[in-house]
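A short write-up of the structure that comes next.
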Amino acid sequence: MDKIKNSFTTGEAVITGVAAGAALLAAGRIFLLLYRAGSLYTMGLFPLAVLLGLYCLWKKALFNKEVFFAFWVRLALAAVFTAFQVTGLWWSHAQLEESVSGIEIFIWILCFTPLSFAGQNMLFQMVKHCGEEREKEGGSKVFGKFDQWFTKRFAWAQKEFSPKKGFLYAFLVIMLGFLIPFATYYPAIMAYDVIPQLDQIRSSGYTTHHPLIHTLLLSMSLKLGEILPFVSNADRAGLAVYSLLQMTVVSVCFAYVYTFFRRKGVNRYFCYFFVLCAAFYPTHGLLAVSITKDTIYAVLVMVFAVFAWEAVTFQEAVHPGKGWFAAYTVLTVLLLLFRNNSIYAWALYVIVTLSVFGRKVFKSAVQGKDAEAAGTQSAGFYKKLCVSHGAALLLYLLMNTLMIQASGATSATYAREMLSVPAQQIARVVAFHEAELTQQDLENLSVIWNQGELPEYVPAIADRSKKDIVGDKEVLRTLAEEWFSLGCRYPGEYGKAFLLKNKGMWYLEDTTYLNDVYSYAQGYLQISYPGDQQAYMEALAPGYVRHQKLQFLQSVYRYFAAVDEVWRYFPPLSLVMQPAFYCWGLVFYCLCCIGLKKPSLLVPAVYVMALVGTLLLGPCVLTRYLYPVMLSVTVLGILFLFTLRRSPAL
């Protein structure tokens with residue numbers, strides 16, 4: 001009691017006690033409702049979040065003054081985050097949605113907002129003082145002690161870092177780690193997206209529905225398998241060639257990021273841990289041997305974020321050379337080729353990047369003679385960056401055109417692929433308000449959905465609702481009119497349809513992306529293909545038969561990545577597994593850049609934010625879709641925490 005009196009004033013103690021009591025009452029009410037409904041076992045992160053919030057209250061984080069932002073701004077941010085999580089909890093349990101009113105949900109949000117506010121204040125405070133403490137103490141306390149212990153026992157590890165050797169060692173470790181899932185699922189993990197690509201290669205002809213460069217890469221691997229003299233099964237050999245090629249690309253990208261971390265002063269033990277995670281964390285290994293277009297694109301986005309960080313943190317006197325710009329241009333071309341809609345995110349990134357560096361050039365020009373040399377260097381860097389972006393765009397258009405002409409690929413960018421959100425919104429209104437639709441509504445819907453049945457509504461995925469839409473101009477015009485008409489009458493249903501489709505990107509305990517996407521491809525990584533298409537699969541790749549010699553390892557991976565996700569019951573692990581964690585991490589990164597008045601550091605996140613925007617408009621949330629975001633946010637977070645204070649004023 002004396003300790004509390006010494007730590008809190010009377011007013012602070014009363015406010016803290018009320019906040020803690022309200023949160024505990026709301027949490028108790030939620031646990032009781034879920035216990036009655038038999039759903040309590042699904043709760044993982046929620047109790048942990050409540051405990052962490054109470055700890056932050058105990059540490060007086062509720063009363064931190066002007067941490068980055070004014071009080072009302074921080075309160076609004078905490079309220080928004082809390083509203084998303086409480087609403088996600090409400091919508092994730094049918095019993096809660098049926099028995100709890102919107103008024104009670106609002107009360108829950110009020111009860112939990114102080115906990116979010118205190119936790120947010122503590123995180124902002126830690127980021128604000130992280131660099132200051134490192135400068136005063138000469139390094140992190142934890143890593144400093146570990147350095148001393150390690151130095152005494154492993155003096156050989158204290159040698160000066162060699163980028164070439166470091167890259168090679170990291171590459172070998174990661175490749176060795178990837179060999180475990182490769183041996184387990186030899187020759188490859190055949191996800192459901194590979195079936196239409198194999199159909200293009202073997203039967204129907206190439207299209208641009210999937211990135212053409214990826215389909216051609218798969219085709220080349222299969223042809224290489226046919227000409228290898230020492231194999232008995234050409235299909236399995238070709239798929240194995242692709243797996244090894246993709247494993248190599250992923251390992252190279254992770255190894256490059258490792259060497260970049262070391263060059264930028266990230267603690268070497270943290271770098272070692274990064275390499276071990278890349279090699280043995282199941283998500284990376286399974287996606288490295290999965291024949292899907294998303295894996296290579298994801299690691300390219302990660303490396304692109306590193307290049308963007310390097311561009312904005314170069315010292316004025318040490319600008320990159322021609323090799324850097326050449327690598328940056330090639331990387332950009334590959335980035336655009338491996339994702340059809342990446343051009344939109346990249347265009348926004350280019351606009352923001354050139355604006356930021358153009359402002360630097362202008363600022364240097366008006367500062368006078370003292371800044372003349374720096375201004376000249378900045379202007380030179382700006383010009384080279386403009387040339388690099390222009391060259392990347394031209395090379396992308398040229399290579400894409402050449403691939404289309406050489407392969408005879410047809411365009412398959414169907415209009416309905418861009419109608420995920422409108423289709424879901426209309427389908428939800430039809431599902432819940434069919435009796436209220438007018439005759440004109442029914443006629444319009446019949447035209448839009450090709451004279452067929454009314455659209456099928458599955459909250460987590462838009463493929464069901466948009467599959468029968470005909471993409472001609474008349475139909476699209478009718479769809480636009482009907483979408484606007486229904487939106488005016490049912491705005492709430494439109495908003496809920498959008499949020500439910502993207503729940504995996506904002507609710508930290510979401511499971512819809514694990515189980516509700518496709519009945520045949522459940523799980524964290526959807527590593528299976530439709531069982532009812534087994535005969536079709538064998539016709540496309542007659543020699544493909546996944547061996548069953550490592551059943552034990554397949555069982556281990558199944559509990560991680562397939563239907564039985566045991567990680568859901570380990571809250572700290574389940575947090576880093578959720579795509580929503582990285583989406584909120586991206587928001588937090590941007591807020592910290594703004595709070596520290598380092599707007600230039602937002603540039604590396606622009607492409608990632610634009611990518612998130614395209615995913616919000618996409619058909620569903622899947623881990624492999626968010627994998628580029630997960631990798632990039634992790635890398636940017638590490639760079640931010642370890643190298644921010646070593647960067648120049650931006």
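Values below: every heavy atom of this structure, side chains too, minus hydrogens, waters and symmetry copies. Quantities reported herein were computed from a predicted structural model and do not represent experimental measurements.
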Do Phe117 and Phe71 have ring centroids that are under 6.0 Å from one another? yes
Show your reasoning for whether side chain to side chain contact (heavy atoms under 4.5 Å, CB included) applies to Tyr507 and Thr512. CA-CA 10 Å; Tyr507 179 46; Thr512 56; over 6 Å; no
What distance separates Ser116 OG from Ile109 CD1, expressed to the nearest 0.5 Å? 10.0 Å
Decide yes or no for Phe560 and Thr283: does some side-chain heavy atom of the first lie under 4.5 Å from some side-chain heavy atom of the second? yes
Non-hydrogen atoms of Leu48 and Pro572 that approach each other most closely: CD2-N, 4.4 Å
For the pair Glu509 (side chain) and Leu45 (backbone), establish whether a donor and an acceptor sit closer than 3.5 Å, ignoring hydrogens and angles. yes
Any non-hydrogen side-chain atom of Leu508 less than 4.5 Å from a side-chain atom of Phe84? no
Whether Ser485 side chain and Glu481 backbone form a donor-acceptor pair below 3.5 Å: no
If we ignore hydrogens and angles and just use 3.5 Å, is the side chain of Arg74 paired with the main-chain N or O of Phe69 as donor and acceptor? yes
Using distance only, find each side-chain donor-acceptor pair of residues 604-611 under 3.5 Å and give its atom names and separation, not counting sequence neighbours.
from: Tyr607; atom 1: OH; to: Tyr297; atom 2: OH; distance (Å): 2.6

Test item: Tyr589 side-chain N/O and Leu602 main-chain N/O as donor-acceptor pair under 3.5 Å: no
Donor-acceptor pair, distance only, cut-off 3.5 Å: does the side chain of Gln424 make one with the backbone of Lys501? no
Spatial distance of atom NZ (Lys466) from atom CD1 (Ile426) [nearest 0.5 Å]: 13.5 Å
For Phe640 and Cys592 the tightest heavy-atom approach is CZ-CB, 3.6 Å
Return the CG to CG distance between Leu591 and Leu123, rounded to the nearest 0.5 Å. 11.0 Å
Do Val633 and Phe581 have side chains that get closer than 4.5 Å, going by heavy atoms? no
Applying side chain to side chain contact (heavy atoms under 4.5 Å, CB included), run through Gln425 and Phe498 and close with a yes or a no. CA-CA 7 Å; Gln425 292 171 330; Phe498 177 78; 4.2 Å; yes
Mind checking whether Phe46 and Phe112 have ring centres under 6.0 Å apart? yes
Of all heavy-atom pairs linking Leu115 and Cys111, the shortest is CD1-O, 4.4 Å
With sequence neighbours left out, what residues match Tyr457 under side-chain hydrogen bond (donor to acceptor under 3.5 Å, both in side chains)? Arg428
What is the ring orientation for Tyr557 with Tyr185, classed by angle as parallel under 30°, tilted 30 to 60°, or perpendicular over 60°? tilted
Note: Gly88 and Ser92 closest approach over all heavy atoms is O-OG, 2.5 Å
Say whether, by atom type as modelled, one donor and one acceptor occur between the side chain of Ser99 and the main chain of Gln95 under 3.5 angstrom. yes
Donor-acceptor contact below 3.5 Å, side chain Thr634 vs main chain Met630: yes
Any Leu601 side-chain heavy atom under 4.5 Å of Trp309 side chain: yes
Would you say Tyr281 has more than 12 foreign heavy atoms packed within less than 6.0 Å of its OH? yes
Only one of Val612, Val587, Val576, Leu626 forms a side chain to side chain contact (heavy atoms under 4.5 Å, CB included) with Tyr582, so which one is it? Val576
For Asn502 and Leu616, indicate whether the former's side chain and the latter's backbone hold a donor-acceptor pair under 3.5 Å. yes
Run the salt-bridge test on Glu436 and Arg489 with the 4.0 Å N-O cut-off and return the result as yes or no. no
Should the pair Lys59-Glu12 be classified as a salt bridge under the 4.0 Å nitrogen-to-oxygen rule? no
Quick one: sort the Phe68 and Phe124 rings into parallel, tilted or perpendicular, breaks at 30° and 60°. tilted
Do side-chain atoms of Gln85 reach the backbone of Trp506 as a donor and acceptor pair under 3.5 angstrom? yes
Can you measure from CH2 (Trp584) to CG (Leu575) and round to the nearest 0.5 angstrom? 13.0 Å
Set of residues satisfying side chain to side chain contact (heavy atoms under 4.5 Å, CB included) with respect to Ala118, sequence neighbours excluded: Cys56, Leu57, Ala61, Leu62
Heavy atoms, side chains only, cut-off 4.5 Å: are Tyr513 and Asp510 in contact? yes
Counting C-beta onward and ignoring hydrogens, is there a side-chain heavy-atom pair between Leu33 and Leu96 closer than 4.5 Å? yes
Of all heavy-atom pairs linking Ala308 and Tyr349, the shortest is CB-OH, 3.7 Å
Give a yes or no on whether Trp91 atom CH2 has more than 12 heavy-atom contacts from other residues, nucleotides or ligands under 6.0 Å away. yes
Hey, does Val266 have a side-chain heavy atom less than 4.5 Å from the side chain of Phe274? no
So Leu51 and Tyr55, do their side chains get closer than 4.5 Å, heavy atoms only? no
If every non-hydrogen atom of Trp90 is compared with every non-hydrogen atom of Ser101, which pair is closest and at what distance? CZ2-C, 4.3 Å
Please assess Phe63 against Asn121 for the test side chain to side chain contact (heavy atoms under 4.5 Å, CB included), listing each intermediate value before the final yes or no. CA-CA 8 Å; Phe63 307 102; Asn121 284 349; over 6 Å; no
Nearest 0.5 angstrom please: Phe588 CZ to Cys583 SG, how far? 15.5 Å
Tell me, with the steps shown, if Ser465 and Glu456 meet side chain to side chain contact (heavy atoms under 4.5 Å, CB included). CA-CA 5 Å; Ser465 61; Glu456 179 185 0; 6.0 Å; no
For the CD1 atom of Ile189 and the OG1 atom of Thr292, what is their distance to the nearest 0.5 Å? 10.5 Å
Whether Tyr627 and His284 hold their rings parallel, tilted or perpendicular, with breakpoints at 30° and 60°: tilted
For the backbone of Leu287 and the side chain of Thr295, can you confirm whether one donor and one acceptor N or O come within less than 3.5 Å of each other? yes
